[in-house]
Amino acid sequence: MHPVKVVAVTGGKGGVGKTNVSVNLSLALGQMGRRVVLLDADLGLANVDVLLGLRPKYNISDVLAGDCALSDVMLKAGENVRIVPASSGTQSMAALGVHEHAELIHAFTDIADEIDVLVIDTAAGISESVISFLRAAQEVLMVVCDEPTSITDAYALIKLLNRDHKVTRFRVLANMVRSESEGRNMYNKLLTVTDRFLDVTLQYVGSIPYDEAVRKAVKRQTAVLQAFSSSNAALAYRQLANRVDGWPVMTTPRGHLEFFVERLVQGK
């Protein structure tokens, strides 16, 4: 079984731009030749397909119901990138139990040999569903922005994952920054409180600049990387993808999708 890098993108709150990060990071990795699957894990309010103007025929709920296979659900989103759409506005999907989560990831083990990176776009907040995806992933990418609650919400999520699920390593990305130093400052604010109160390691992975091109791309229902490939934001996403590509992928069972399944099922 070939190891798969599992990266969960989160932010502790809404409005930090994590879906944009998930989509553009996936596309940039795909452009580098990596085979990427992006899972829209906002199981109650799907938004990846909306952001990209895709109209899925099936979604995750059809896989869980046994009506179709995961391969029937996946949509091509770019070079080497497929998306697994969530079901929008379905309450039952937002309250999936541990076993349904397991079904979902078991479906992924069937396609494990066809993918190099699984990117998970988690929902906002700290619901059980969000936590289960985050503690099972190998890498947690915490997106922060310059809003008063962004740092406090990110800290609350890090604290919860560390205290209750022994997650000790987090990667931090500053989004929509006006300057590189603003991104560093946000990271340092977070680092100050985590260093003081928690036993965790934070790593700064850079920043994505505030860019009008992103807003224009969203209006067009396309990714900034595709619509404005030479924009500052697109350039930053390609740099981010380079860094993510350099993260080691585990060759131990921890690096396999089955292990990801086990972690979700056990709820530990």
Side-chain angles (χ1 to χ4, degrees), residues 7-34 36-42 45-56 59 74-86 88-89 117 119-124 141-150 153-154 171-187 205-245:
V7 182
V9 181
T10 190
K13 71 184 284 288
V16 295
K18 62 183 180 42
T19 299
N20 250 314
V21 169
S22 302
V23 166
N24 285 288
L25 170 61
S26 298
L27 291 170
L29 285 165
Q31 287 174 1
M32 292 169 66
R34 304 295 169 250
V36 183
V37 168
L38 169 56
L39 168 64
D40 187 347
D42 194 338
L45 285 170
N47 50 12
V48 167
D49 50 326
V50 175
L51 192 72
L52 288 171
L54 301 170
R55 285 170 182 73
N59 59 51
M74 292 196 285
L75 300 170
K76 189 167 167 53
E79 196 183 348
N80 300 315
V81 180
R82 290 173 293 170
I83 283 173
V84 179
S88 190
V117 188
V119 176
I120 302 166
D121 181 32
T122 64
L141 181 60
M142 186 72 63
V143 182
V144 293
C145 67
D146 193 20
E147 284 181 18
T149 55
S150 176
D153 287 341
R171 317 272 191 174
V172 180
L173 175 74
N175 195 23
M176 300 180 282
V177 304
R178 301 282 177 180
S179 66
E180 181 50 45
S181 61
E182 185 185 279
R184 275 266 168 211
N185 289 342
M186 277 189 255
Y187 168 71
V205 296
S207 63
I208 307 295
Y210 176 82
D211 190 338
E212 273 299 311
V214 174
R215 194 177 58 82
K216 286 179 188 163
V218 169
K219 270 191 167 172
R220 289 189 192 183
Q221 286 192 295
T222 181
V224 73
L225 206 72
Q226 292 169 322
F228 304 99
S229 61
S230 55
S231 64
N232 288 337
L235 180 66
Y237 277 121
R238 284 193 285 272
Q239 288 172 340
L240 173 66
N242 264 315
R243 288 188 194 113
V244 172
D245 193 54

Contact summary for [X] and [Y], nearest pair of heavy atoms:
X      : Y      : result
Pro85  : Asn59  : O-CB, 3.6 Å
Cys145 : Met186 : C-SD, 3.3 Å
Leu27  : Gly78  : CD2-CA, 4.0 Å
Thr122 : Lys18  : O-NZ, 2.5 Å
Ala227 : Thr222 : CB-CG2, 3.5 Å
Ala77  : Ile83  : CB-CD1, 3.4 Å

Is it the case that atom CZ in Arg178 sees more than 12 heavy atoms from other parts of the structure closer than 6.0 Å?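 Not more than 12 within 6.0 Å, no.
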Can you tell me which residue pairs pass the salt bridge (charged side-chain N to carboxylate O under 4.0 Å, His left out) test with a partner in residues 215-242, sequence neighbours excluded?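 Qualifying pairs, neighbours excluded: Glu212-Arg215.
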Looking at Val81, Val84, Val119, which one forms a side chain to side chain contact (heavy atoms under 4.5 Å, CB included) with Val37?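 Among the candidates, only Val84 passes.
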Distance from [X] atom [atom1] to [Y] atom [atom2], nearest 0.5 Å?
X      : Y      : atom1 : atom2 : value
Ile208 : Leu173 : CD1   : CG    : 5.0 Å
Leu39  : Ser26  : CG    : OG    : 10.0 Å
Gln31  : Asn24  : CD    : CG    : 9.5 Å

So do [Y] and [X] actually touch side chain to side chain, heavy atoms under 4.5 Å?
X      : Y      : value
Thr10  : Met142 : yes
Asp153 : Val16  : no
Gln226 : Leu52  : yes
Asn80  : Met32  : no
Val224 : Asn20  : no
Arg55  : Asp49  : no

Using the test side-chain hydrogen bond (donor to acceptor under 3.5 Å, both in side chains), find all partners of Ser207 that sit at least two apart in sequence or belong to another chain.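 Partners of Ser207 by the side-chain hydrogen bond (donor to acceptor under 3.5 Å, both in side chains) criterion, ordered by chain and then number, come out as Glu180.
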Please check if the side chain of Ser150 supplies one atom and the backbone of Asp146 the other of a donor-acceptor pair under 3.5 Å. no
Is there a donor-acceptor contact under 3.5 Å from the side chain of Arg243 to the main chain of Val205? yes
Could you walk me through whether Leu25 and Leu141 satisfy the side chain to side chain contact (heavy atoms under 4.5 Å, CB included) test, starting with their C-alpha distance in whole Å, then the side-chain angles of each, then the deciding distance to 0.1 Å, before giving a yes or no? CA-CA 11 Å; Leu25 170 61; Leu141 181 60; 4.2 Å; yes
Show every donor-acceptor pair shorter than 3.5 Å between a side-chain atom in residues 229-236 and any protein atom, with sequence neighbours excluded, or say none if there are none.
| residue | atom | partner | partner atom | Å |
| --- | --- | --- | --- | --- |
| Ser231 | OG | Phe228 | O | 2.8 |
| Ser231 | OG | Ala234 | N | 3.2 |

